[in-house]
**Q** 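The following block contains the structure, expressed as structure tokens.
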Amino acid sequence: FQAEDGIRDYDVTGVQTCALPIFEGTKPVEPPLTEDYHLDEDMADRAVRYIQQQHALAPDKPFLVLHAPGTSHAPHHAPKDWIDKFKGQFDQGWDKVREETYARQLAMGIIPAGTKLTKRPDKLRAWDSLNDQQKQLYSQMMEVYAGALAHMDYQIARILDAVEETGEMDNTLIIYIVGDNGASAEGERKSTRLNPSHGVISYSVFCLKKKKKDEAQSCIHASGKTAH
């Protein structure tokens with residue numbers, strides 16, 4: 001709706017999921033340094049509090065909430081219990097996953113009947129050409145990515161619940177856009193390097209070391225093969 005006199009707006013923006021400045025409106029926010037802190041949860045908490053507060057103080061006035069989480073921008077972070085929800089769901093590999101996704105989209109009418117699945121470009125490796133360690137690595141990348149995205153979606157649901165509780169859901173325009181610009185270019189085709197501006201790190205070493213410690217709650221990138 002158009003901004004006009006009396007409108008209340010609220011902006012919580014996380015620029016990225018990296019350690020960059022975040023703002024609540026125009027006020028810088030310093031996140032707490034606790035082990036269980038997650039930006040998406042904090043942003044949703046603040047949005048929910050604002051919705052509840054404005055409804056209590058001025059229920060007849062319109063409000064605007066701009067909620068812009070960093071997920072699923074790299075690097076990917078998710079609580080371990082959310083990653084565990086997707087354990088093994090990508091073990092069949094990216095070639096099979098894209099066939100399954102294509103079949104679901106056809107069945108749901110997302111893509112028109114008769115749409116043909118494109119051929120995987122030769123420059124993207126076939127899943128069956130990978131060794132066991134590579135398959136373990138790339139499967140884990142997607143488990144963390146899926147866990148991070150699902151966790152973020154759950155936070156959006158909390159905000160919608162807050163709107164529902166005000167009794168104004170049917171009187172509220174909600175625009176929900178989710179996505180990113182695909183698999184990260186910084187990761188190259190192997191998804192093994194951070195952006196040079198952040199320094200260079202072997203992702204395979206990082207990821208497998210974290211997995212051995214049962215602490216795999218972060219991933220740098222998702223492979224371009226899974227995006228295709």
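These numbers come from the heavy atoms of this one structure, side chains and all, not from hydrogens, waters or symmetry mates.
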**Q** I need the Asp153 CG to Thr71 OG1 distance, nearest 0.5 Å.
**A**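 Reported value, rounded in 0.5 Å steps: 11.0 Å.
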
**Q** Do the side chain of Gln52 and the main chain of Ala162 share a donor and acceptor less than 3.5 angstrom apart?
**A**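 A pair under 3.5 Å: no.
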
**Q** Using the rule that two of Ile, Leu, Val, Met, Phe, Trp, Tyr join whenever any of their side-chain heavy atoms come within less than 4.5 Å, decide whether Trp82 and Val144 are in one cluster.
**A**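 Different clusters: Trp82 never reaches Val144 through Ile, Leu, Val, Met, Phe, Trp or Tyr contacts under 4.5 Å.
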
**Q** Distance from Gln136 atom CD to Leu130 atom CG, nearest 0.5 Å?
**A**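 The distance works out to 12.5 Å.
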
**Q** Assess the residue pair Arg104 and Ile110 against the criterion (side chain to side chain contact (heavy atoms under 4.5 Å, CB included)); give the C-alpha distance rounded to whole Å, side-chain angles, the decisive distance to 0.1 Å, and a yes or no.
**A** CA-CA 9 Å; Arg104 285 196 302 272; Ile110 296 175; over 6 Å; no

**Q** On a heavy-atom basis, which atom in His67 and which in Ala44 lie closest, and how many Å separate them?
**A**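 Smallest interatomic distance, heavy atoms only, reads CE1-N, 3.7 Å.
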
**Q** For a quick test of reading the model, state the closest non-hydrogen atom pair linking Pro79 to Glu41 and the distance between them.
**A**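 Shortest heavy-atom contact: CG-OE2, 4.2 Å.
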
**Q** Calculate, to the nearest 0.5 Å, the distance between atoms CG and CD belonging to Asp60 and Glu168 respectively.
**A**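 Separation between the atoms: 8.0 Å.
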
**Q** Check the pair Asp84, Lys80 against salt bridge (charged side-chain N to carboxylate O under 4.0 Å, His left out), reporting the backbone distance first and the verdict last.
**A** CA-CA 6 Å; Asp84 289 344; Lys80 187 176 182 303; 3.0 Å; yes

**Q** Determine whether the aromatic ring centres of residues His151 and His77 are separated by less than 6.0 angstrom.
**A**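 No, too far apart.
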
**Q** Below 4.5 Å, heavy atoms only, C-beta onward: do Ser72 and Met152 meet side chain to side chain?
**A**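 No. Closest side-chain heavy atoms not under 4.5 Å.
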
**Q** For Ala47 and Ile159, work out which heavy atoms get closest and say how close.
**A**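 Taking Ala47 first and Ile159 second, the nearest heavy atoms are CB-CD1, 3.9 Å.
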
**Q** Can a donor-acceptor pair be found, under 3.5 Å and without considering hydrogens, that links the side chain of Arg98 to the backbone of Thr118?
**A**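 Yes: the side chain of Arg98 pairs with the backbone of Thr118.
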
**Q** With rounding to the nearest 0.5 Å, note down the distance linking CD in Gln134 to OG in Ser139.
**A**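 If I round to the nearest 0.5 Å, the distance is 11.5 Å.
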
**Q** With distance as the sole test, does Thr166 use its side chain to make a donor-acceptor pair with the main-chain N or O of Val163 at under 3.5 Å?
**A**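 Yes.
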
**Q** Just to verify, what does Asp170 make a side-chain hydrogen bond (donor to acceptor under 3.5 Å, both in side chains) with, not counting sequence neighbours?
**A**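 Checked Asp170 against side-chain hydrogen bond (donor to acceptor under 3.5 Å, both in side chains); zero matches.
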
**Q** Could you please spell out the steps behind the salt bridge (charged side-chain N to carboxylate O under 4.0 Å, His left out) verdict for Asp81 and Lys85?
**A** CA-CA 7 Å; Asp81 57 333; Lys85 294 175 185 290; over 6 Å; no

**Q** Quick check for you: to the nearest 0.5 Å, what is the distance between Ile83 atom CD1 and Met142 atom CE?
**A**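 These two atoms lie 12.5 Å from each other.
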
**Q** Under 4.5 Å between side-chain heavy atoms, hopping through other hydrophobics if needed: is there a path connecting Tyr145 to Ile156?
**A**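 Same cluster: Tyr145 reaches Ile156 through Ile, Leu, Val, Met, Phe, Trp or Tyr contacts under 4.5 Å.
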
**Q** Could you state the interatomic distance from CG (Asp128) to NZ (Lys96), rounded to the nearest 0.5 Å?
**A**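 These two atoms lie 11.0 Å from each other.
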
**Q** Compare every heavy atom of Gly147 with every heavy atom of Ala78, then report the nearest pair and how far apart it is.
**A**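 In this case the closest contact between Ala78 and Gly147 is CB-C, 3.7 Å.
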
**Q** Are Arg49 and Asp45 ion-paired here, with the side-chain N under 4.0 Å from a carboxylate O?
**A**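 Judged by the 4.0 Å cut-off on N to carboxylate O distance, Arg49 and Asp45 do not form a salt bridge.
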
**Q** Quick check against the 3.5 Å criterion: does Ser129 have a side-chain atom that pairs as donor or acceptor with the backbone of Arg125?
**A**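 The answer is no, because no donor-acceptor pair under 3.5 Å joins these two groups.
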
**Q** Is the count of non-hydrogen atoms from other residues, nucleotides or ligands lying under 6.0 Å from Glu100 atom CD greater than 12?
**A**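 Buried by this count: over 12 neighbours within 6.0 Å.
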
**Q** Using the ring of each side chain (for Trp, its six-membered ring), is Phe63 parallel, tilted or perpendicular to Tyr50, with breaks at 30° and 60°?
**A**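 Judged by the thresholds at 30° and 60°, the geometry between Phe63 and Tyr50 is perpendicular.
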
**Q** Considering residues, nucleotides and ligands other than Asp122, do more than 12 of their heavy atoms fall under 6.0 Å from its CG?
**A**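 Check fails, neighbour count at 12 or below.
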
**Q** Please confirm whether the backbone N or O of Trp127 pairs with a side-chain atom of Asp95, one donor and one acceptor, at under 3.5 Å?
**A**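 The answer is yes, because a donor-acceptor pair under 3.5 Å joins these two groups.
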
**Q** Could you tell me whether the side chains of Arg158 and Gln155 share a donor-acceptor contact shorter than 3.5 Å?
**A**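 The answer is yes; a qualifying pair exists.
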
**Q** Given the rule that I, L, V, M, F, W and Y join up when any side-chain heavy atoms are under 4.5 Å apart, are Tyr154 and Leu149 in one cluster?
**A**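 Hydrophobic grouping puts Tyr154 apart from Leu149.
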
**Q** Could you check whether any side-chain heavy atom of Asp91 comes within less than 4.5 Å of a side-chain heavy atom of Tyr138, counting everything from C-beta outward?
**A**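 In short, these two side chains do not touch, never coming nearer than 4.5 Å.
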
**Q** Any sub-3.5 Å donor-acceptor pair from Tyr102's side-chain atoms to Thr115's backbone N or O?
**A**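 Indeed, once roles are kept as given, a pair shorter than 3.5 Å links the two residues.
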
**Q** Does any non-hydrogen side-chain atom of Arg46 lie less than 4.5 Å from one of Met43?
**A**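 In short, these two side chains do not touch, never coming nearer than 4.5 Å.
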
**Q** Are Leu117 and Val97 joined in one hydrophobic group, where the rule is that I, L, V, M, F, W and Y side chains link up if heavy atoms are under 4.5 Å apart?
**A**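 In one cluster with Leu117: Val97, no.
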
